[in-house]
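As the structure is a computational prediction, the values presented were derived from the model and not from experiment.
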Amino acid sequence: MPSSQPFSITLKNGEEVKVNDHVYCSPSWGVRDGTPYSIARIMEFLPSQGTPTFDKDGKRNEPITRVRLAWYYRPSDVSDRTVADSRLLLAAIYSEVCELSQLRSKCYVLHRDRISDLAGWKKRPDRFYFTRLFDPWLRKEFEVIPAVTVRNVPEHIREVLISRYEYIVAEREVVPDLTDDLRLCDTCEKWCPPAESLQCDRCKKFFHMECVNPPMLSKPSRGYGWTCAPCSRAHEEEVEGHEVRHVTPVAPKPKTNAPAARGRGRPRKDKVLAEKEENVEIKHFKMWPFRYFGLYTFAEDTLDPDDLIFPRAATRVGPKYQANVPPGPGVSDRPADVEERGGDATIEVLSLVNEMLPAEVEALERQKQLLTRNDKLKCSVDWLTEVTFRLTQAWINKREFSSVSMRSPMRLQKWKKSETRYTDKEWSAEEVAAFEDAIQMHGAELRAVRDEVGTRSMPEVVRFYGHWKNMKLGEENKRIRAARASGIDEKADSITREATPDDDDTSIVMEPPRNVICGACRTRESEVWWKAPKGLPSSVLCDNCGLSWRKYADLNVRPIREETVTKSKAGEKREGTPLNGNQAKRAKTASSQSTPPPVAPQLRCVACQRNGPIGKVLRCKQCQFRVHATACGVNPDPATIESWVCDLCQNEKTLEASLNPDCLLCPRMRRDPKKKLIYPPPDSYLRACKPTEGQAWVHVLCSVFIPEITFSDATRLRLVEGVSAIPQYRWQNNCTLCDREDGAVIQCSECPAEYHVSCAWKHGHKFGFEVQPVKHSRREAATTVDWKGNVGQMVPSVVCKGHVGHKRQMYDICDTNDLGESALQVYCRNYKQAPVAQTHGLLRKARRLDKILNANGDVSSVVSADNESTQSAAEPHCYRCQTEFSPFFHEVTNTAQGDAKSWLCHKCHAETRKSYPVIIGLGAS
């Protein structure tokens with residue numbers, strides 16, 4: 001049995017590592033071609049190849065020359081996306097055996113949930129963290145969550161998961177289901193697996209798909225909900241009874257796996273806590289700290305200790321992927337001359353030694369020894385298989401074993417028409433040399449090896465490769481046994497092992513050239529110079545940049561600025577050069593080689609937190625507010641980009657709108673008048689405001705995500721209209737985040753929670769747009785858009801940050817299509833544009849006020865309720881000037897038409913109010 005004491009190894013730099021420690025691993029600089037170090041976890045230490053790890057007495061065989069490592073990936077290794085955090089890694093269930101000499105130094109890798117102070121953790125050297133796992137075979141990323149957070153599984157399965165593993169690997173959409181409370185079917189009161197259960201959209205209870213009546217064969221399509229029978233009946237009764245809308249109940253605060261929020265201020269530097277986090281014990285089962293438990297896992301299979309822990313994908317076996325082609329007309333199922341497979345006529349018996357008598361088996365073994373005197377043939381699998389087959393055929397045909405001969409290498413198989421060799425021809429010395437050279441050049445790529453050999457077929461190359469590996473392994477084992485028998489085990493092993501050069505010997509520049517300069521930071525002073533990867537202006541890196549590249553794969557390359565020495569006059573002197581210096585010599589200091597173009601400066605948008613070049617991301621010259629131009633309705637002029645100011649800062653000079661920047665749709669903010677702070681703050685997207693038709697202000701975010709709001713110019717998001725048309729219930733319901741009544745609220749797309757738009761943005765809720773499919777019967781009436789290949793109706797959605805695994809495909813506010821238009825622009829242009837071509841702004845406002853007055857039962861409404869009138873009440877017109885457009889129509893008695901009731905526009909009424917008596921109107925004297 002192996003020893004229970006932890007086994008450790010001392011690296012070349014003096015650090016001591018043991019199993020489950022994390023290390024940097026890398027071959028020599030020339031082999032890895034300038035790539036950074038790899039990061040891995042030590043799974044076990046191994047002796048030389050062919051030697052068991054432990055001997056019969058349970059002692060570890062030495063010397064230790066190899067190590068099994070579990071790899072981590074960097075995000076840049078698996079995708080082309082840029083990740084600003086150089087300490088972020090991707091775990092993997094993938095291991096390899098490497099030489100012990102490839103270990104460079106020790107590092108620390110922890111899951112995000114194990115780190116209390118992430119900012120402090122990343123400031124320390126050799127510290128990394130991970131939150132996700134990458135599967136190199138599926139080419140897909142999975143979420144990694146602590147096993148103790150999994151609650152929606154039966155108790156005995158949960159206990160097994162927690163006792164064996166530290167983390168669970170699952171798809172992102174499954175994490176909310178796994179971390180939820182235990183879900184029981186409301187009908188049978190048994191556990192509801194997420195893949196086999198339904199949730200009612202009204203009562204939020206769970207049911208097995210086979211427990212509902214009638215049973216459900218599949219879940220509803222994306223975008224559709226399901227309600228149980230009692231809730232469906234209750235909803236029908238509410239619709240038939242025309243019941244008023246009830247106040248939406250306040251939803252409970254969603255659960256989240258995020259770490260608890262810390263207090264404001266600088267974090268306390270607790271060295272004792274940091275050391276505890278570095279030395280925390282992680283549970284491992286069969287050398288792995290996590291296993292897959294996602295969409296394609298059966299919960300009961302996790303009880304089996306031999307169950308595979310790797311991520312899985314959907315099966316491709318079944319009628320969905322395989323076609324059942326019926327036979328053609330007039331074609332029988334099977335030709336008459338073809339026998340059914342599996343019978344005695346279609347199989348070939350290779351051996352029946354198990355049915356022979358003991359005396360016959362002894363005679364067979366004696367004859368086998370007499371057929372050859374070559375010891376290699378007696379150990380050859382091909383020869384043993386063929387001789388057993390021929391002796392069995394003689395026994396079946398009741399012939400003597402002595403009649404069997406192995407002189408001919410040819411044999412006739414039942415399913416072949418001609419004779420074939422039972423073993424390959426002997427490889428010549430030239431063929432073996434060509435094979436070994438190809439193996440050294442191409443490795444195990446046997447197709448390339450076959451092309452190098454040229455005289456052998458692919459099956460022959462594959463078979464010889466197996467024999468060749470066994471031969472090399474046998475030679476190594478023979479050499480090890482001879483060394484052990486002579487008592488020089490360690491010396492013999494050190495002689496047979498090829499030493500791997502140390503990284504310091506191959507990647508450190510011992511004699512740097514004169515006028516050396518770092519290829520990244522452009523410094524000229526460094527105690528140690530490292531070789532630089534390809535593609536940099538210089539072939540060396542300073543000590544800081546060299547270690548940063550090797551450990552963190554992070555290089556901040558400073559662009560080379562074009563020198564202007566050649567353009568300057570000969571008599572002009574550059575700063576820092578001696579006045580009496582040689583002019584020709586100083587002119588040579590200018591860079592004559594081609595230099596890469598300077599990197600365009602980037603600005604970070606406060607709406608999407610992504611970088612973009614100046615022009616796409618604008619920065620206010622006065623308050624430093626930074627946002628994408630497409631997210632605030634600005635069509636920038638390239639000549640005035642540097643002097644652009646936001647709407648609020650511009651209003652301070654023009655005074656076209658109110659100086660009070662408070663949003664009409666949000667609760668009133670309580671601010672200290674003594675503190676002169678910029679409001680809204682420029683580091684938030686809520687700084688983007690637009691004026692209303694009443695010269696007040698509204699957040700762009702509020703005006704877009706409240707459906708009743710429109711714009712007179714949707715391309716520039718100006719002027720905001722429709723504040724008075726917002727339904728009363730939006731103003732009456734309390735916000736679930738700030739618990740205030742003032743302000744208009746919206747509802748979460750996943751739960752009944754209601755909140756202000758600005759409160760949702762401050763709390764980190766997800767804002768975006770989704771394209772919902774439209775039925776064929778409604779496509780003519782509905783406005784559809786084509787966004788990145790998805791055709792449907794674009795709908796704004798806000799999802800609480802607790803709904804981590806929602807299945808909505810949401811596009812971010814600043815996401816752009818092929819034309820460079822953002823999702824916010826496309827939505828506003830198609831759904832937020834007011835009908836300015838048909839009506840005037842005052843008339844649109846008057847009509848909105850009319851609707852409010854009609855809803856309140858005002859008798860002075862301009863729309864007549866008199867059913868006896870011959871004119872249309874919905875479209876009054878002035879009988880004097882015949883216009884149909886006016887901010888207000890006055891009902892008068894027209895004496896020219898026999899005291900009939902007519903309408904006057906407001907202009908005509910003002911001009912003739914002394915001549916015509918006013919019956920109904922605000923202008924009556």
Side-chain angles (χ1 to χ4, degrees), residues 176-177 180-194 196-254 705-708 725-737 739 741 744-756 770 772-779 781-782 792-793 795-800 802-803 806-808 851-857 865:
D177 296 332
D180 196 5
D181 294 333
L182 183 63
R183 299 175 179 176
L184 300 179
C185 177
D186 194 64
T187 302
C188 63
E189 297 185 355
K190 293 183 180 179
W191 176 58
C192 288
E196 304 173 4
S197 59
L198 296 166
Q199 184 183 20
C200 177
D201 279 353
R202 290 175 64 89
C203 64
K204 305 301 179 183
K205 295 180 180 179
F206 292 90
F207 301 86
H208 285 116
M209 295 172 62
E210 63 270 10
C211 290
V212 298
N213 190 14
M216 296 282 291
L217 299 179
S218 62
K219 291 188 174 184
S221 302
R222 185 170 65 90
Y224 294 91
W226 175 84
T227 55
C228 59
C231 293
S232 298
R233 287 193 296 269
H235 179 66
E236 292 176 359
E237 293 174 358
E238 291 179 3
V239 173
E240 292 175 357
H242 300 284
E243 296 185 7
V244 297
R245 185 183 184 278
H246 297 287
V247 178
T248 305
V250 178
K253 198 168 185 179
F705 282 85
I706 293 181
E708 292 80 12
I726 297 177
Q728 189 176 4
Y729 70 87
R730 293 194 186 275
W731 303 98
Q732 291 179 345
N733 294 349
N734 285 18
C735 174
T736 58
L737 299 177
D739 198 24
E741 296 180 357
V745 298
I746 59 174
Q747 186 174 353
C748 173
S749 301
E750 290 287 330
C751 68
E754 292 184 339
Y755 31 67
H756 300 122
E770 56 178 335
Q772 296 180 353
V774 181
K775 295 183 178 179
H776 291 280
S777 59
R778 296 179 53 194
R779 285 188 177 179
Q793 188 174 8
V795 179
S797 299
V798 181
V799 179
C800 302
H803 305 307
H806 65 86
K807 299 182 180 180
R808 298 178 180 270
K851 294 180 181 179
I852 299 174
L853 294 176
N854 289 334
N856 296 333

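- A distance of 11.0 Å separates CD in Glu210 from CG in Leu217, rounded to the nearest 0.5 Å.
- By the 4.5 Å heavy-atom criterion applied to side chains, Cys192 and His208 are counted as neighbours.
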Q | Worked verdict on Arg202 versus Glu238 for salt bridge (charged side-chain N to carboxylate O under 4.0 Å, His left out) | A | CA-CA 13 Å; Arg202 290 175 64 89; Glu238 291 179 3; 3.5 Å; yes

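- Within a 6.0 Å sphere centred on NZ of Lys190, other residues, nucleotides and ligands contribute 12 heavy atoms or fewer.
- To the nearest 0.5 Å, the span separating CD1 on Ile726 from CD1 on Ile706 amounts to 5.0 Å.
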**Q.** Derivation of the side-chain contact (heavy atoms from CB on, under 4.5 Å) call for Cys228 and Lys205
**A.** CA-CA 9 Å; Cys228 59; Lys205 295 180 180 179; over 6 Å; no

(Q) Evaluate Leu198 against Met216 for side-chain contact (heavy atoms from CB on, under 4.5 Å), listing each step before the verdict. (A) CA-CA 9 Å; Leu198 296 166; Met216 296 282 291; 3.5 Å; yes

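- Residues Met209 and Pro215 fail the side-chain proximity criterion, which asks for heavy atoms closer than 4.5 Å.
- A salt bridge (charged side-chain N to carboxylate O under 4.0 Å, His left out) check over residues 727-736, counting only residues at least two apart or in different chains, returns the pairs Glu708-Arg730.
- Counting all heavy atoms, side chain and backbone alike, Asp201 lies closest to Gly225 at OD2-CA, 3.0 Å.
- Between Pro176 and Arg183, the closest heavy-atom pair is O-NH2, 4.1 Å.
- To the nearest 0.5 angstrom, Gln747 atom CD is 8.5 Å from Tyr729 atom OH.
- Every pair passing ring-ring contact (aromatic ring centres under 6.0 Å, His included) that includes a residue from residues 215-241 is listed here, sequence neighbours excluded: Phe207-Trp226.
- Put simply, the side chain of Gln772 reaches to within 4.5 Å of the side chain of Glu770, judged on heavy atoms.
- Across Val745 and Asn733, no two heavy atoms sit closer than the pair CG1-O, 3.8 Å.
- Contact annotation: the side chain of Arg808 never approaches that of His803 to less than 4.5 Å [non-hydrogen atoms, C-beta and beyond].
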**Q.** CA sep, side-chain torsions, deciding dist, call: Tyr755, Leu737, side-chain contact (heavy atoms from CB on, under 4.5 Å)
**A.** CA-CA 6 Å; Tyr755 31 67; Leu737 299 177; 3.8 Å; yes

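- Note: Cys231 SG to Lys204 NZ = 10.0 Å, rounded to the nearest 0.5 Å.
- Ser197 contributes no side-chain N or O that, together with a main-chain N or O of Phe206, makes up a donor-acceptor pair within less than 3.5 Å.
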